[in-house]
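So the structure is just underneath, and the comments pick up after that.
Residue numbers count from 1 along this sequence. Values below: every heavy atom of this structure, side chains too, minus hydrogens, waters and symmetry copies.
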Amino acid sequence: GRARGLASGDRFIVWVGPDAQQRSFLARDVRAGTEVVVARSAGLSIRGRLTGPPGATNFTVSAELGDLGLSVGGTRAADGSFEILGLPEGTTWRVVGACQVDGRWTTTRGPDVAAGGTTTLDVKEGAR
């Protein structure tokens, strides 16, 4: 594709999310007028464990690249293990876990984790 209407001094990002083989692409600070060749590389994952208080339901987990406004959802198994797939090599993500406790959503933000890394999150009741 081609982006039009950009001023010559503009900089932007190019993000092509994971495909069926979990390959992805991310380029930062691309200048207007530059051609970007998208070559998806093997995507990495962030794995870990997400737990919550007794009776918690509807767990969700995602990785956020806050400075770029990107978010990639993950999957969580019944035993609490999770995996967030298709993250580009060389990127660092903030892992966010959430669940419902007594019908209210509770969220926790973990540490920054490099693609390919692991982390553990525990959603505390009443956390935001």
Side-chain angles (χ1 to χ4, degrees):
R2 181 179 294 256
R4 296 188 184 273
L6 302 170
S8 62
D10 284 352
R11 292 181 176 191
F12 56 99
I13 64 161
V14 176
W15 162 251
V16 180
D19 62 8
Q21 289 77 41
Q22 298 307 316
R23 297 173 302 175
S24 56
F25 176 84
L26 175 69
R28 297 174 187 251
D29 289 331
V30 176
R31 291 184 183 273
T34 303
E35 183 175 331
V36 177
V37 177
V38 176
R40 289 181 174 171
S41 60
L44 299 174
S45 64
I46 293 176
R47 297 175 188 211
R49 178 169 292 300
L50 172 62
T51 58
T57 60
N58 300 323
F59 285 87
T60 64
V61 63
S62 62
E64 298 176 346
L65 206 54
D67 62 327
L68 301 181
L70 300 175
S71 180
V72 178
T75 57
R76 180 185 178 273
D79 68 357
S81 62
F82 70 82
E83 187 171 29
I84 304 167
L85 298 169
L87 306 176
E89 185 176 353
T91 56
T92 301
W93 301 77
R94 173 66 46 99
V95 179
V96 178
C99 63
Q100 281 187 304
V101 179
D102 295 327
R104 292 188 326 257
W105 281 99
T106 302
T107 303
T108 190
R109 294 187 184 326
D112 290 348
V113 180
T118 62
T119 191
T120 301
L121 295 174
D122 184 17
V123 182
K124 305 287 188 198
E125 191 166 359
R128 283 270 176 226

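- Heavy atoms of other residues, nucleotides or ligands lying less than 6.0 angstrom from CZ of R47 number 12 at most.
- K124 contributes atom NZ, which lies 12.0 Å from atom OG1 of T106 (distance to the nearest 0.5 angstrom).
- Between I84 and W93, every side-chain heavy-atom pair lies at or beyond the 4.5 Å cut-off.
- Taking each heavy atom of P53 and V123 in turn, the nearest pair found is CD-O, 3.0 Å.
- A distance of 11.0 Å separates CG in L121 from OG1 in T107, rounded to the nearest 0.5 Å.
- Here the shortest heavy-atom pairing between V101 and A56 reads CG2-CB, 4.2 Å.
- Here side chain to side chain donor-acceptor pair (under 3.5 Å) pairs that include residues 112-121, with residues two or more places apart or in two chains, are R94-D112.
- Sorted by first then second residue, the side chain to side chain donor-acceptor pair (under 3.5 Å) pairs that include residues 50-61, not counting sequence neighbours, are T51-D122, N58-Q100.
- Expressed to the nearest 0.5 Å, how far CG of L50 lies from OG1 of T108 amounts to 8.5 Å.
- Under a hydrophobic clustering in which Ile, Leu, Val, Met, Phe, Trp and Tyr are joined whenever their side-chain heavy atoms come within less than 4.5 Å, directly or via other members, V113 and V96 fall into different clusters.
- Residues meeting the side chain to side chain contact (heavy atoms under 4.5 Å, CB included) test with A77, sequence neighbours left out: D79, S81.
- The structure places CG of L65 at 9.0 Å from CG of L87, a figure rounded to the nearest 0.5 Å.
- For S45 against L85, the heavy-atom pair with the smallest separation is CB-CD2, 3.8 Å.
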